[in-house]
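Everything on this sheet refers to the single structure shown next.
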2 protein chains.
Amino acid sequence: MLTVSVENYLKAILHLQVEGDDLVSTTAIAQKVASTPASTSAMLAKLGERGWLEHQPYHGVRLTKKGHRVAMDILRRHRLWECFLVDHLGFEWDQVHEIAEELEHVGSVELTNRLDAFLGFPKLDPHGDVIPGPNGRFRSVAARTLLTEAPRNLELVVVGVVDGGDAFLRHLGVLGIQLGTRMTVLERLSFDGSLHVKYPEEEEVQLLAPSVGQRLWVDQSSPAPEILFPEEEDLQ
Amino acid sequence: MLTVSVENYLKAILHLQVEGDDLVSTTAIAQKVASTPASTSAMLAKLGERGWLEHQPYHGVRLTKKGHRVAMDILRRHRLWECFLVDHLGFEWDQVHEIAEELEHVGSVELTNRLDAFLGFPKLDPHGDVIPGPNGRFRSVAARTLLTEAPRNLELVVVGVVDGGDAFLRHLGVLGIQLGTRMTVLERLSFDGSLHVKYPEEEEVQLLAPSVGQRLWVDQSSPAPEILFPEEEDLQ
DNA sequence: CTCTTTATTTAGGCATGACTAAATTTTTAT
DNA sequence: ATAAAAATTTAGTCATGCCTAAATAAAGAG
Ligand SMILES: [Mn+2]
Ligand SMILES: [Mn+2]
Ligand SMILES: [Mn+2]
Ligand SMILES: [Mn+2]
């Protein structure tokens, strides 16, 4: 049986491994699970013995196939519960993380799969993060771009948030941005990468800090017009 | 913060206190939480110090107001989740106890109250057990009688199960009994208290063991016909 | 009322998972 | 290449919560 503590470590390692796919450092893990490097070092030794990760002392860890699968299952439960909380219980997207952090540790496979079905097999959680399927792999989703790297003068939709802590999500609230918000990037300022963006209904142009632009996934607004007016696309 | 273990002890004590309202014994608690009397004794001392119960060494414990409230909140979460599992995820009533045993430890009040609302503020869980409200008291329910003590020759509905472990619930399945099943008690055998019962559609009369009759809550079948044909009622 | 049985507590250990402080290894800077 | 800084592990504790075995108290039998 997996303890809550072990599960939290495995999920933290998975998270750090997805970005920067090399070895994950003790300190980074300690920070993510809010414990000390010493405690983490002891835990990593144990997780290594039990075959969930490979530990290269003084250099870092990498999840084994087995450990990766376990961590993906936890992530799956976390994100499915977030969907439930937002879609059916009416929570806001910045209120669900902490609760899902506990619900994710109820491990019944039967429960998870029925919840998945109840929710309609969602691909994305309320923050636009991809939900792993019952096979322990991420469900496939449409391609997406960071707002910073998106093309200019094209209407975009916000489809996800990178690493969205509650503070950032509330900041987005202040800016009037949520999943589904549409905007057009007019200009990227060379000074610090700030973005001039325009919202459909508003006249005024807003300036988004790079810390925001780098953490928003966007997609093209409408799959509708596509190649209907290729000349106009070229003109802009 | 309450640990899972502490919560399980408090709920076990509440359970034992409801039936037989006197002091609850160390052995009974140990049995309920599946631990030893020695471990339980140590835990009771701690729970006493922290003000959740009064411990009379060698004689037993009783929950304080504070401890009672905490336990009722856990019971509330347990039963609300059971409703969710059966009503929305399609589980059978003999499959939900173990899962709810884990879900009940997610303590967010906001979550509990929203789940309650989502479920339509149910008064009874899938086993016919009364669900505590947000104030920590049982919701009021219509009066009910044990099948053993119900009047003869009157159509009854099964509205609840006393202390329904999964084994008993599956046995009821074999007998074709679930919540909402209607039946009429024809006779109570003086030998061992077995009951001759008749089901509406079936011709044959069934014999129910006393172990079953003593653990079924029933109510009068239909509030509809009432005094419409009093003569016919008398004729039977 | 005494003896025996049963219930409960105490004593002594063990596993898990956390911490601080100290030792050690790796990395960075000069 | 060597010294300083940073990261990691090791050593030594502590709190929880569990166990078995032994001591003690309460209840029941005669
Ligand atoms: Mn968690
Ligand atoms: Mn999320
Ligand atoms: Mn439980
Ligand atoms: Mn129940």
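- With a 6.0 Å radius and a threshold of 12 heavy atoms from other residues, nucleotides or ligands, B:Lys123 has its NZ atom at or below the threshold.
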Tabulated below should be each protein N or O lying under 3.5 Å from an N or O of nucleotides 19-22 of chain D; please produce it.
unit_1	atom_1	unit_2	atom_2	d
D:dC19	OP2	B:Thr36	N	3.2
D:dC19	OP2	B:Thr36	OG1	3.1
D:dC19	OP2	B:Ser39	OG	2.6

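- Contacts between residues 52-61 of chain B and DNA chain D, defined by a heavy-atom separation below 4.0 Å, involve B:Tyr58, B:His59, listed by number.
- Using cut-offs of 30° and 60° for the angle between ring planes, the A:Trp81 and B:Trp81 rings count as perpendicular.
- Looking at B:Asp163 and B:His15, their side chains never bring a donor and an acceptor atom within 3.5 Å of each other.
- With rounding to whole Å, B:Met43 atom CE is found 16 Å from C:dT9 atom C1'.
- Distances shown here put every side-chain N or O of B:Lys46 at or beyond 4.0 Å from the OP1 or OP2 atom of D:dT16.
- Whole-Å rounding puts the B:Leu47 CG to C:dT9 P distance at 12 Å.
- A donor-acceptor pair shorter than 3.5 Å can be found between the side chains of A:His78 and A:His97.
- Side chains of A:Tyr9 and A:Ser35: a donor on one and an acceptor on the other come within 3.5 Å.
- For the pair B:Ile29 CD1 and C:dT9 C1', the computed distance is 14 Å after rounding to whole Å.
- The shortest distance between side-chain heavy atoms of A:Leu14 and A:Val18 falls below 4.5 Å.
- Rounding to whole angstrom units, CE of residue A:Met1 and P of C:dG17 are separated by 11 Å.
- The one candidate from A:Lys11, A:Arg76, A:Arg79 that meets the salt bridge (Lys or Arg N to Asp or Glu O under 4.0 Å) condition with A:Glu104 is A:Lys11.
- Within the model, atoms CG of B:Leu147 and CZ of B:Arg215 stand 13.0 Å from one another, a figure rounded to the nearest 0.5 Å.
- One atom, CG of A:Leu23, and another, P of C:dT26, lie 14 Å apart when rounded to the nearest Å.
- Within residues 3-14 of chain B, the residues having any heavy atom closer than 4.0 Å to DNA chain D are, in order of number, B:Thr3, B:Ser5, B:Tyr9.
- Taking the six-membered ring where the residue is Trp, B:His88 and A:Phe118 present perpendicular rings, their angle passing 60° and hence far from 30°.
- Side-chain contact check for A:Gln206 and A:His196: no donor-acceptor pair (N or O, by modelled atom type) lies under 3.5 Å.
- Between the side chain of B:Thr148 and the backbone N or O of B:Gln214, at least one donor-acceptor pair lies under 3.5 Å.
- To the nearest angstrom, P of C:dA18 lies 11 Å from CG of A:Leu44.
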